[in-house]
Amino acid sequence: MEVVQHSLEQSLCNSAIEYAKHAGVLIEDRLGNMGKVEQKKNASDLVTEVDKLSEDYIRHKIQTEYPKHWILSEEDCGQADSYETFKSHKTGYGWIVDPIDGTTNFIHGIPHFAVSIAVVKDGEPIIGVVYNPMTDELYSARKSFGAYRNGQRIHVGDESVLAEAVVATGFQASDFKAGSRVVKQIDALAGKSRNIRMLGAASLDLCFIASGRITGFWHEGLNPWDTAAGILILAEAGGNSTDKEGNPYCLFHDSLVASNGKIHDEFLKTIKP
């Protein structure tokens, strides 16, 4: 039975990589020709025809090759309560898909966006794939099998104190305003961390921690498709992820604090209200 499961999950990982890379080609081909840009919740929350093209391709492949698996994807499920939708799928295999994480970056030609695909089993991520078609960097992980970038094993960085750490964050669309919680948290971190970045794609930010490029990331209001692949890749690279209270992160939590693990307690303490 274990051999069969191992073979299935390796096949699922191979499929997720294939889907992400092909979707990346579709996205790259449409740079500068993205069609209509629409607002979802507000002017900071956008979707393009290319998001939908990427998602349609990935959903079609999953439905064709894994018809018994459920799918949670941003453009198809984004108007519903994603946490409740996720919790309704308690058993079996499922796919959590963000066809373009970092759509605003994509629209403005900033090469920091990605296709994010996770496979979960009984609600827990077991496979994570994040692919940036602009840099041709593909991050992948299988639970208990390590994390990789383009086939090379990756690990979190060695920073042991916040003063050595470059950390990243982002505004949730509904809180992009003066005096927001994030602004106050940035103020709390200013002078205590090495520096702060706003990169604009949570899946890639988590992979950047996993590969030692940055040390921490925090964000509120994320959805399962923003984090499902990245948190597994981070965990397999030796990192840690919790909610803002320090509880182990679950995909239905609306806050995320992630780090290399070594700075986590100090990081949490500094950004906590």
Side-chain angles (χ1 to χ4, degrees), residues 37 39-48 51 74-75 78 82-83 96-116 118 128 130-132 134-135 137 139 162 165-190 192-211 213-231 233-234 239-244 249 251-260 263-264 267-268 270-273:
V37 177
Q39 291 186 21
K40 291 192 282 186
K41 296 176 183 176
N42 56 40
S44 299
D45 191 10
L46 305 172
V47 62
T48 72
D51 292 76
E74 179 172 16
E75 305 316 330
S82 63
Y83 308 122
I96 302 180
V97 178
D98 194 337
I100 303 180
D101 180 29
T103 298
T104 300
N105 284 348
F106 169 67
I107 290 168
H108 289 272
I110 300 168
H112 189 79
F113 54 85
V115 181
S116 177
V130 176
Y131 178 57
N132 182 343
M134 302 308 296
T135 61
E137 288 188 320
Y139 295 88
L162 189 59
V166 174
V167 297
T169 189
F171 287 95
Q172 55 179 310
S174 62
D175 196 39
F176 183 47
K177 58 190 177 184
S180 74
R181 184 192 300 271
V182 172
V183 172
K184 296 172 184 175
Q185 291 169 325
I186 290 171
D187 187 58
L189 281 162
K192 294 181 181 177
S193 62
R194 179 160 288 166
N195 219 310
I196 301 168
R197 299 287 183 264
M198 282 194 176
L199 301 171
S203 62
L204 282 173
D205 292 352
L206 291 166
C207 292
F208 275 22
I209 304 173
S211 56
R213 288 176 171 170
I214 63 175
T215 319
F217 172 73
W218 85 100
H219 205 296
E220 295 190 28
L222 294 173
N223 291 285
W225 47 76
D226 299 309
T227 62
I231 61 166
I233 293 167
L234 175 59
N240 188 23
S241 58
T242 68
D243 68 7
K244 62 186 177 184
Y249 180 74
L251 292 177
F252 51 82
H253 284 158
D254 66 355
S255 64
L256 170 65
V257 181
S259 76
N260 67 346
I263 68 156
H264 205 84
F267 188 27
L268 265 175
T270 304
I271 63 174
K272 197 168 181 179

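For clarity, every value in this text was computed on a predicted model and none was experimentally measured.
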*Are Val167 and Trp218 close enough, and set up right, to give a side chain to side chain contact (heavy atoms under 4.5 Å, CB included), and what steps lead you there?*
CA-CA 8 Å; Val167 297; Trp218 85 100; 4.0 Å; yes
*Contacts of type side chain to side chain contact (heavy atoms under 4.5 Å, CB included), residue Lys184, not counting sequence neighbours*: none
_Which atom of Ala118 lies closest to which atom of Ala229, heavy atoms considered_ = CB-N, 3.6 Å
*Residues in side chain to side chain donor-acceptor pair (under 3.5 Å) with Thr227, at least two apart?*
Tyr249
*Which pair of heavy atoms, one from Thr135 and one from Pro111, lies closest together, and at what distance?*
CG2-O, 4.3 Å
*To the nearest 0.5 Å, how far apart are CD1 in Ile271 and NZ in Lys192?*
12.0 Å
_Pairs satisfying salt bridge (charged side-chain N to carboxylate O under 4.0 Å, His left out), at least one member in residues 103-114, at least two apart_ = none
*In Å and rounded to the nearest 0.5 Å, what is the CZ to OG1 distance from Arg181 to Thr169?*
11.5 Å
*Partner residues of Asn260 under the side chain to side chain contact (heavy atoms under 4.5 Å, CB included) criterion, sequence neighbours left out*: Val156, Glu159, Thr215, Lys262, Ile263
*Is the shortest heavy-atom distance from the side chain of Val130 to the side chain of Val115 under 4.5 Å?*
no
*For side chain to side chain contact (heavy atoms under 4.5 Å, CB included), just list the numbers for Leu206 and Ile231, CA-CA rounded to whole Å, side-chain angles, deciding distance to a tenth of an Å, and then say yes or no.*
CA-CA 7 Å; Leu206 291 166; Ile231 61 166; 4.0 Å; yes
Distance-only criterion, 3.5 Å: show the donor-acceptor pairs between side-chain atoms of residues 195-203 and protein atoms not counting sequence neighbours.
from   : atom 1 : to     : atom 2 : distance (Å)
Asn195 : OD1    : Arg197 : NH1    : 3.3
Ser203 : OG     : Asp101 : OD2    : 2.7

_I want to check something: taking the side chain as every heavy atom from C-beta on, are Glu220 and Lys244 in contact at a cut-off of under 4.5 Å?_
yes
*Of all residues at least two apart in sequence or in a different chain, which pass the side chain to side chain donor-acceptor pair (under 3.5 Å) check with Thr242?*
His264
*Working to the nearest 0.5 Å, report the span between CG of Leu234 and CD1 of Ile209.*
5.5 Å
*Which residues pass the side chain to side chain donor-acceptor pair (under 3.5 Å) test with His219, sequence neighbours left out?*
none
*Heavy-atom closest contact (Ile233 atom, Cys207 atom, distance)*: CD1-SG, 3.8 Å
*What residues form a side chain to side chain donor-acceptor pair (under 3.5 Å) with Ser241, not counting sequence neighbours?*
none
*Ignoring hydrogens and angles, tell me if any N or O in the side chain of Asp51 forms a donor-acceptor pair with the backbone of Pro99 under 3.5 Å.*
no
*asked:* I need the Phe267 CZ to Phe217 CZ distance, nearest 0.5 Å.
replied: 9.0 Å
*Listed by chain and number, what are the side chain to side chain contact (heavy atoms under 4.5 Å, CB included) partners of Ser180, not counting sequence neighbours?*
Phe171, Asp175, Lys177, Val182, Val183
*asked:* Using side-chain heavy atoms (C-beta onward) and a distance below 4.5 Å, is Tyr131 in contact with Glu137?
replied: no
_As an exercise, state the distance from CZ of Arg194 to CD1 of Ile214, rounded to the nearest 0.5 Å._
14.0 Å
_For Phe113, all residues meeting ring pair (Phe, Tyr, Trp, His ring centres under 6.0 Å), sequence neighbours excluded_ = Phe106
*First locate atom CE of Met134, then atom CG of Asn132, and finally report the distance between them rounded to the nearest 0.5 Å.*
7.5 Å
_Side chain to side chain, Ser211 and Tyr139, heavy atoms closer than 4.5 Å_ = yes
*Checking Asp226 side chain against Asn223 main chain: does a donor-acceptor pair fall under 3.5 Å?*
yes
